[in-house]
Amino acid sequence: MADMQRKHLFSADAIPAPAALVDPLTQSILSLNEEMEEWLKGNGLSPETLLKPEPIAGYDCLLRRKQLEDGTECLLLINHGMDPSPCKESKSAIYQSLIQNTPTSVLILNVNGLVLEMNASFQSLFGLTDGIIHQSFYDLVELHEPSFIHLVKEGLKGHDATGEEVRFHAGGRELTCTITVSPIDYKCGGCIDSVGIIFHDITEKKNAQAELVLLQTEMENILRLQKAITYKVVRYGHDFVIELASGKMLSRLDLTPQRMNGKRIEDVFDKVHLKKIRPKLEAVWAKGEEYTYEDAYKGLEYLASIVPVKKDGQVVEAICSISDISLMKDIQRQLAESEEKYKSIVKYSPDHILMVDTYGFIQSVNPAVYEHWGYGFSDLVNRHYTSLFAEESQEDAVENFQIALNGTSSRYLAIVRDGKGKERRVTITNIPIRVRGQVIGIYGFGQDVTEKLNMEDELMEAKELLEAYFEHSGDGIVLLDPTGRVLKVNQRFEDMFGWTNEEIVGDVVTFLHRSDQYHQFQKNLEVVKAGKRIKDQEALRYRKDQTSIEISFNMNPILNNEGSLIGISAIIRDLSEKKHHENLLKKSEQLAMIGQLAAGVAHEIRNPLTTLKGFLQLMDEREEDDFYLTVIKGELDRIEIITNEFLALARPRAVQFSLTSLTRLLTSSVDFIKMECLKQGVDVRFAVEEAQVYCDSNQMKQVILNVMKNALEAMQDGGLLNVQLENDGHHAKISIQDNGSGIPPERMKHLGEPFYSTKEKGTGLGLMICQKIIKEHNGSLSIQSNVEEGTSVDILLPLASLTHQ
């Protein structure tokens, strides 16, 4: 193609300088341009002069020769001292001929790489316009391929290139071109003026080649993987001879083309198989019809086809094709086996299975439906499935049926009526039946969960009852794991001990015990682990604030169905109120007994005491400074005091309630005790608010003086007696505090008991009488004491305004 372009596109007339084209083989001038003719004529020379090998002598010029690609020579006449540059016209005949008249894409670049010219084919190929004229080809993104740039640079150096393949990315598509680069030296001075580049678009050719290679590869793979045998059978008289046997499946039968080609069928197949093949070949030759059959040979299941080839109406040969159908047969057997398994599953499944068409009509059901729901076969087949549902479940049934028709399985709970009209709760799973991607029906799988749900309802109700008992029980309840760690406690437990459930879950319950009680807890734990119960055991435990609390508890093992211990329940009862009532009852009994005793003792003692005191008085008048008489008189006075206290406990005293200013009563009592305070070096701090109460002023004064005397006796070495009266709008509160030695805790709990006193000669009856008086006035008396810090007694009385509302 390059030769044809040179002969047709280049001519001497297209060269803008005296030029000629010469065929060196025939020594003939192909063409002269006008400039060369004028120069020869002006110098009296003939055109044949140009065929001489020597330069033209005697003329001020130089004849340069250049070998063209098509074998011709271009002779260019260069005048000395003249610029051999091309003519001044912007477009010469060579450009017009080379660029415009060829369908091949052409690009002309000057020595600097600027675009001089391009034809329409080039513009169409790369999607460019005339706007790139005089631009550098380096700026054209469409031509930015390293291999192409290298070819152009080599062309500008004078190196030709032909048939170089280059792949371009232009206009969002890939182009493959063969490139021809031709340097052009118009001046014939050995310097390249420009480069002509020809692009041959071979994209389609390349794509076609790639597709062809792909098709060839696929065909080879198909032939390689195809499990088949093909052979031709020709009949010679009575013999059938095999020719042209081929196919990969031959190896499965321990055969090769060499062992079959040219052999009789008797030489290839065993006697058993020969008895099957020969009759079929005889039938094909006799009837001239194709014969297809299935058989097995050497463990290979195959499908065979014998096709007759006729000539002049007679069978001259037969083409036998054998295909491996072992896999297909295996699939068929598996399908048959799966079908049998499916039928067994459907038949013997305890679930209720219905097959429904796309319109909702029942096509078939399994035996479980008849057995469990009490329907006959004719009762269900061709019946619409919605008729089985109770009214409240029909909407859900239709909605889930539609979901299955759309190709998605669904599951829901519905109420179904059985054959006797009884409602049953059933979980239904709808599964679409697909054939070739289309839903042709629905399988409905039903499980009767009526009894299960009823049992769950009962269990839920029982659970709610147990939880209600657990949370609202009057006893504290704690659930433990087998190691004694807390799993859960109820609200009563939290109220009793001060810990919340979140604080103690996971902790060993020994936080309720002192260290000396751990051993007993471990013993109790072992007893319960052995499956035994601990019942009504009383103990002392400790709250979060470390205060003690008297309790009784039961510990019971929690066993699972296998009899294994999975937990422990402890039921704890607060005995504080019970113990308080027991103490009150005990004190009441003691008081009753003391009252009876006191009445008798006081009655028997007072008469002799009166006589003794009278005679002692007479003796006292006669004897002076008798120490013994003084002692006897003091002791008799003491006996009289005790006797009066007995009488105060034994019989009710006449109580005269009246509106009394507790402020004045307390003030007078403090004034009365101040002298004793000065003797013992005790300071008095006194602060009162106005408060009026209904009381027996004598009894109330007796109580106040008794408490203040006890405070003074606790401060033998001096101290501070603090007396206050406060009015909170509801009660009057009298506080009497000392900073004496205090009362130990082990003695505090016995205060108020008869004949128990913290004083050396005390009877304990004084405090009992004080408590009795305050109780008769609807008030309360409380004592707090700390060793080495002192004791505080608080008396609380209702105000007069509240007492008479």
Side-chain angles (χ1 to χ4, degrees), residues 210-343 434-438 440:
E211 290 179 3
L212 180 59
V213 171
L214 181 61
L215 288 173
Q216 289 175 342
T217 303
E218 290 179 353
M219 183 61 70
E220 289 175 359
N221 289 336
I222 290 172
L223 293 175
R224 179 174 58 83
L225 298 175
Q226 185 180 21
K227 296 180 179 180
I229 298 173
T230 303
Y231 60 91
K232 182 173 68 173
V233 176
V234 180
R235 187 168 189 172
Y236 296 104
H238 186 68
D239 294 329
F240 292 102
V241 178
I242 298 173
E243 296 180 354
L244 301 177
S246 65
K248 185 177 181 180
M249 204 171 69
L250 286 173
S251 59
R252 289 282 305 276
L253 303 176
D254 296 328
L255 296 173
T256 62
Q258 293 77 12
R259 291 180 57 187
M260 294 182 68
N261 291 335
K263 300 293 193 301
R264 297 181 308 154
I265 59 175
E266 287 84 358
D267 300 329
V268 175
F269 302 109
D270 59 32
K271 294 180 179 180
V272 175
H273 203 62
L274 185 63
K275 290 179 180 180
K276 298 178 181 179
I277 295 176
R278 188 172 188 89
K280 295 178 177 61
L281 291 173
E282 295 282 2
V284 169
W285 250 267
K287 297 180 181 180
E289 297 177 354
E290 181 179 351
Y291 197 99
T292 302
Y293 64 97
E294 292 182 11
D295 206 341
Y297 182 60
K298 293 186 177 180
L300 175 69
E301 293 177 292
Y302 65 86
L303 173 66
S305 176
I306 304 175
V307 180
V309 179
K310 298 180 181 180
K311 185 176 182 180
D312 298 330
Q314 298 294 321
V315 177
V316 296
E317 59 185 31
I319 305 299
C320 298
S321 298
I322 299 175
S323 300
D324 184 0
I325 59 172
S326 301
L327 179 59
M328 183 183 71
K329 287 295 184 180
D330 287 341
I331 293 173
Q332 287 177 346
R333 284 189 287 269
Q334 290 174 8
L335 287 174
E337 183 179 348
S338 298
E339 185 176 0
E340 288 299 321
K341 288 179 180 178
Y342 162 74
K343 289 180 179 179
R434 294 178 181 271
V435 175
R436 293 185 290 275
Q438 297 295 320
I440 64 167

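- To the nearest 0.5 Å, atom OH of residue Y297 and atom CD1 of residue I322 are 10.0 Å apart.
- Between L253 and I229 the shortest side-chain heavy-atom distance falls below 4.5 Å.
- Taking NZ of K276 as the start and CG of D295 as the end, the distance is 4.0 Å to the nearest 0.5 Å.
- P257 and A245 get closest at one heavy-atom pair: CB-O, 3.4 Å.
- Atom CZ of F269 and atom CG of L255 lie 6.5 Å apart (nearest 0.5 Å).
- Atom CD1 in I306 sits 9.5 Å away from atom CD in E290 (nearest 0.5 Å).
- Scanning both residues, K263 and Q258, for their nearest heavy atoms gives NZ-O, 3.6 Å.
- For R235 (side chain) and G237 (main-chain N/O), a donor-acceptor pair under 3.5 Å exists by modelled atom type.
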(request) For side chain to side chain contact (heavy atoms under 4.5 Å, CB included), just list the numbers for L300 and M249, CA-CA rounded to whole Å, side-chain angles, deciding distance to a tenth of an Å, and then say yes or no. (result) CA-CA 10 Å; L300 175 69; M249 204 171 69; 3.7 Å; yes
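- Heavy atoms from other residues, nucleotides or ligands lying under 6.0 Å from NZ of K298 number more than 12.
- A perpendicular orientation is assigned to the rings of Y302 and H273, their planes being inclined by more than 60° (bins at 30° and 60°).
- Scanning all heavy atoms of the two residues, the minimum distance from E317 to W285 falls at CA-CZ2, 3.7 Å.
- The minimum heavy-atom distance linking V241 with Y236 is given by the pair CG2-CD1, 3.5 Å.
- Here the side chain of K310 pairs a donor or acceptor atom with the backbone of G288 at under 3.5 angstrom.
- Looking only at side-chain heavy atoms (C-beta outward), R259 and V268 stay at 4.5 Å or farther from each other.
- Looking at heavy atoms from C-beta onward, M328 lies out of side-chain contact with L303 at the 4.5 angstrom threshold.
- Of all the heavy atoms in L244 and N261, the pair that sits closest is N-OD1, 3.0 Å.
- Remark: the backbone N or O of I265 is not paired with any side-chain donor or acceptor of R278 at under 3.5 angstrom.
- If you take CE on M260 and CG on D267, they are separated by 11.5 Å, rounding to the nearest 0.5 Å.
- The nearest pair of heavy atoms linking D324 to E301 is OD1-O, 3.2 Å.
- The structure places CZ of R333 at 4.5 Å from CG of D330, a figure rounded to the nearest 0.5 Å.
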